[in-house]
Amino acid sequence: MAPVDPESEAAEGASLDRLPLVAGTVALVGRPNAGKSTLMNRLLGEKLAIVSDKPQTTRHRIVGILSDPVRGQMIFHDTPGIHKPLHHLNRSMVRYAEDALSESDVVCFLHDGSQSFGSGDAYLLDLVSGVQAPKVVALNKVDRVAKPTLLPRIGLLAQGGPFEHIVPISALSGEGCEDLLDVLWSLLPEGPPHYDEELLTLHPDRFLVTERIREKVLERTRDELPFTTAVLLDRWEQDEETGFLKLWASILVDRPGQKKILIGRQGQRIKAIGSAAREDLEEMLEARIYLDLTVKLVPDWRENRRVLQDLDRDLFPRLD
């Protein structure tokens, strides 16, 4: 092995120090259940967004912040899956995704390679190709498909728009994710960090609490229930005597039968949801948690603007 020249090593280190920092936003967009939240959590190295195998799990634009002392700062916008909206809630979800498309410095379009290419994919390709920002395709779930089928799909995506890169990945296993991250860093504009480098997100704990509870609802209910449920945080109290953080939350449903399903026989399902949520929240907040869950019947809440405003109230920090 050739000896290392200290002066050349120092010069190389100095050249790295002089690399300009980059900073900007990356919109993660795609159809429902394409793996956007799983990918953001993977790239951040921490669980921020809730994950489920059910479509439309993400209902807001979730902000995740990745800071690197050498490269700079990448701000992810994990967006709801773009779909045909049937309720006011769904229209808001699609608007969050479209806003992220128009406002971000880089667009990362997640495409589920394990599913056949359909009209929804064609619509989304057309929508993404009209954006001026640099665009990348993350061809996700390649661990579920035979390798010979990837080249034709890559060719189809390449024809769909002017993409800088098409990167095969598996957000679940991590395959290809470092390559994708390198590509995204290379496309961000030069500039100083936008936020404190210690921040992982801009969302308050109150919002993250409701999301973790909703994740447990998604895990333990039938396919038809997740679309008609939401979680509101009613009270947040710190008990100085016991050291417990006390939380009271409501799970909204819009039909009596759904309330019965969610509570379960002799209250077993709601107890299981509460137990799993409490354990998750204790790990997230590093505190002892008392959690009280109530199931509330609110007919047609997805069209109720006041209810939707209440659901959004803790999305970002209050300025008043």
Side-chain angles (χ1 to χ4, degrees), residues 25-68 71 74-83 93 96-97 100-101 104 106-118 120-121 124-125 128 134-147 149-151 153-154 156-158 160 163-188 200-201 203 208 211-212 214-215 218-219 226 280:
T25 55
V26 175
L28 302 176
V29 299
R31 296 189 67 190
N33 217 28
K36 299 176 292 296
S37 297
T38 301
L39 177 61
M40 185 175 74
N41 291 342
R42 169 72 62 179
L43 298 181
L44 290 174
E46 293 192 44
K47 179 180 176 179
L48 174 60
I50 65 171
V51 175
S52 167
D53 60 356
K54 300 177 176 67
Q56 301 179 28
T57 297
T58 301
R59 290 178 173 170
H60 301 86
R61 191 194 313 196
I62 307 299
V63 179
I65 303 171
L66 177 64
S67 297
D68 185 289
R71 292 173 131 171
M74 189 180 300
I75 303 118
F76 294 105
H77 287 180
D78 175 24
T79 65
I82 295 178
H83 61 285
M93 290 163 59
Y96 291 141
L101 266 176
S104 295
V106 178
V107 173
C108 181
F109 166 42
L110 262 78
H111 175 70
D112 184 349
S114 69
Q115 299 295 318
S116 58
F117 193 93
D121 298 288
L124 194 48
L125 267 178
V128 170
K135 295 170 283 293
V136 176
V137 176
L139 179 55
N140 194 23
K141 306 186 184 181
V142 296
D143 53 327
R144 299 185 183 180
V145 299
K147 299 301 180 184
T149 66
L150 290 179
L151 282 179
R153 184 62 63 91
I154 290 172
L156 187 62
L157 292 168
F163 297 106
E164 275 71 11
H165 299 270
I166 299 176
V167 186
I169 68 164
S170 169
L172 188 62
S173 71
E175 179 183 350
C177 289
E178 284 300 320
D179 295 334
L180 175 63
L181 194 57
D182 288 339
V183 166
L184 296 176
W185 279 119
S186 72
L187 295 174
L188 288 179
L200 175 66
T201 186
H203 305 298
L208 299 178
E211 285 288 273
R212 293 296 181 98
R214 188 164 66 88
E215 182 181 53
L218 294 173
E219 290 175 355
D280 195 11

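The first residue of the sequence shown is numbered 1, and numbering continues consecutively from there.
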**Q** Which distance, rounded to the nearest 0.5 Å, do you find between the CG of Asp182 and the NE2 of His165?
**A**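 Rounded to the nearest 0.5 Å, the CG-NE2 separation comes out at 10.0 Å.
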**Q** Hey, is the main chain of Ala34 close enough, under 3.5 Å, to the side chain of Asn140 for a donor-acceptor pair?
**A**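 Side chain of Asn140 to backbone of Ala34, a donor-acceptor pair under 3.5 Å: yes, one is there.
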**Q** Return the minimal non-hydrogen interatomic distance between Leu48 and Leu44, and the atom names on each side.
**A**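 Between these two residues, the closest heavy atoms are CD2-CD1, 4.0 Å.
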**Q** When rounded to the nearest 0.5 angstrom, what is the spacing between CG in Leu157 and CZ in Phe117?
**A**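 So the gap between those two atoms works out to 6.0 Å.
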**Q** Whether the side chain of Thr79 engages the backbone of Leu28 through a donor-acceptor N/O pair (distance < 3.5 Å, no angle test) should be reported.
**A**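 Flag set: sc Thr79 to bb Leu28 pair under 3.5 Å.
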**Q** If every non-hydrogen atom of Cys177 is compared with every non-hydrogen atom of Arg42, which pair is closest and at what distance?
**A**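 Cys177 and Arg42 have their closest heavy atoms at SG-CG, 3.8 Å.
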**Q** With a 6.0 Å cut-off on the ring centroids, do His77 and Tyr96 count as close?
**A**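 No - the distance between ring centres of His77 and Tyr96 does not fall below the 6.0 Å cut-off.
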**Q** Between Ser114 and Arg144, what is the shortest heavy-atom contact and its length?
**A**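 Heavy atoms only, the tightest pair is CB-CB, 4.0 Å.
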**Q** Ile166 and Ala158: which non-hydrogen atoms are nearest, and at how many Å?
**A**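 Ile166 and Ala158 have their closest heavy atoms at CD1-N, 3.7 Å.
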**Q** Between Leu181 and Met74, does a side-chain contact (heavy atoms from CB on, under 4.5 Å) hold up when you go through it step by step?
**A** CA-CA 10 Å; Leu181 194 57; Met74 189 180 300; 4.0 Å; yes
**Q** Is there a donor-acceptor contact under 3.5 Å from the side chain of Ser170 to the main chain of Asp143?
**A**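 No; judged by distance alone, with no hydrogens or angles, the pair does not exist.
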**Q** Give a yes or no on whether a salt bridge exists between Asp78 and Lys36, defined as a side-chain N under 4.0 angstrom from a carboxylate O.
**A**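 Between Lys36 and Asp78 there is no salt bridge, as every charged N stays at least 4.0 Å from the carboxylate O atoms.
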**Q** Evaluate the criterion side-chain contact (heavy atoms from CB on, under 4.5 Å) for residue pair Thr25 and Phe76; output intermediate values, then yes/no.
**A** CA-CA 6 Å; Thr25 55; Phe76 294 105; over 6 Å; no
**Q** Just wondering, do Arg214 and Arg59 contact through their side chains at under 4.5 Å, heavy atoms?
**A**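 When only atoms from C-beta onward are counted, Arg214 and Arg59 do touch, with a gap below 4.5 Å.
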**Q** Do the side chains of Val136 and Leu180 get nearer than 4.5 Å, heavy atoms only?
**A**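 When only atoms from C-beta onward are counted, Val136 and Leu180 do touch, with a gap below 4.5 Å.
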**Q** I'd like to check Val107 versus Leu101 (side-chain heavy atoms, cut-off strictly below 4.5 Å). Are they in contact?
**A**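 A side-chain contact exists here, since the closest heavy-atom pair is under 4.5 Å.
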**Q** Are any of the side-chain heavy atoms of Ile82 and Leu124 separated by less than 4.5 Å?
**A**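 Side-chain contact under 4.5 Å: yes.
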**Q** In sequence, state the C-alpha distance, the side-chain angles, and the governing distance for Val26 and Leu188, and then conclude on side-chain contact (heavy atoms from CB on, under 4.5 Å).
**A** CA-CA 8 Å; Val26 175; Leu188 288 179; 4.0 Å; yes
**Q** Decide yes or no for Leu139 and Leu150: does some side-chain heavy atom of the first lie under 4.5 Å from some side-chain heavy atom of the second?
**A**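 Side chain of Leu139 against side chain of Leu150, heavy atoms only: contact under 4.5 Å found.
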**Q** Is it true that a side-chain atom of Glu215 and a backbone atom of Val51 form a donor plus acceptor pair closer than 3.5 Å?
**A**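 Such a contact is found between Glu215 side chain and Val51 backbone.
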**Q** Side chains of Val183 and Asp179, heavy atoms from C-beta outward: is any pair under 4.5 Å?
**A**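 With C-beta onward as the side chain, the pair stays apart.
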**Q** From Leu208 CG over to His203 NE2, what is the distance, rounded to the nearest 0.5 angstrom?
**A**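 The NE2 atom of His203 is 7.0 Å from CG of Leu208, to the nearest 0.5 Å.
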**Q** Show the nearest heavy-atom pair for residues Pro168 and Ile154, with the distance to one decimal.
**A**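 Residues Pro168 and Ile154, closest heavy atoms: CG-CD1, 4.2 Å.
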**Q** Ignoring hydrogens and angles, state whether a donor on the side chain of Arg31 or His111 is under 3.5 Å from an acceptor on the partner side chain.
**A**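 No donor-acceptor contact under 3.5 Å links the two side chains.
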**Q** Keeping Glu164 on the side-chain end and Lys135 on the backbone end, is there a donor-acceptor pair under 3.5 Å?
**A**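 Such a contact is found between Glu164 side chain and Lys135 backbone.
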**Q** Taking all heavy atoms of Ala100 and all of Ala27, pick out the closest pair and write down the distance.
**A**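 It is O-CB, 3.7 Å.
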**Q** Evaluate the side-chain contact (heavy atoms from CB on, under 4.5 Å) criterion for residues Asn41 and Glu46: first the C-alpha distance (whole Å), next the side-chain angles of each, then the deciding distance (0.1 Å), finally the verdict.
**A** CA-CA 5 Å; Asn41 291 342; Glu46 293 192 44; over 6 Å; no
**Q** Could I get the full list of side chain to side chain contact (heavy atoms under 4.5 Å, CB included) partners for Ser52, not counting sequence neighbours?
**A**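 For Ser52 the side chain to side chain contact (heavy atoms under 4.5 Å, CB included) partners, ignoring immediate neighbours, are Lys54, Thr57, Leu218.
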**Q** CD1/Ile75 to CG/Leu66 distance, rounded to the nearest 0.5 angstrom?
**A**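 Ile75 atom CD1 to Leu66 atom CG measures 9.5 Å (nearest 0.5 Å).
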**Q** Let me see the working for Lys147 and Glu175 under salt bridge (charged side-chain N to carboxylate O under 4.0 Å, His left out), right down to the final yes or no.
**A** CA-CA 13 Å; Lys147 299 301 180 184; Glu175 179 183 350; 3.4 Å; yes
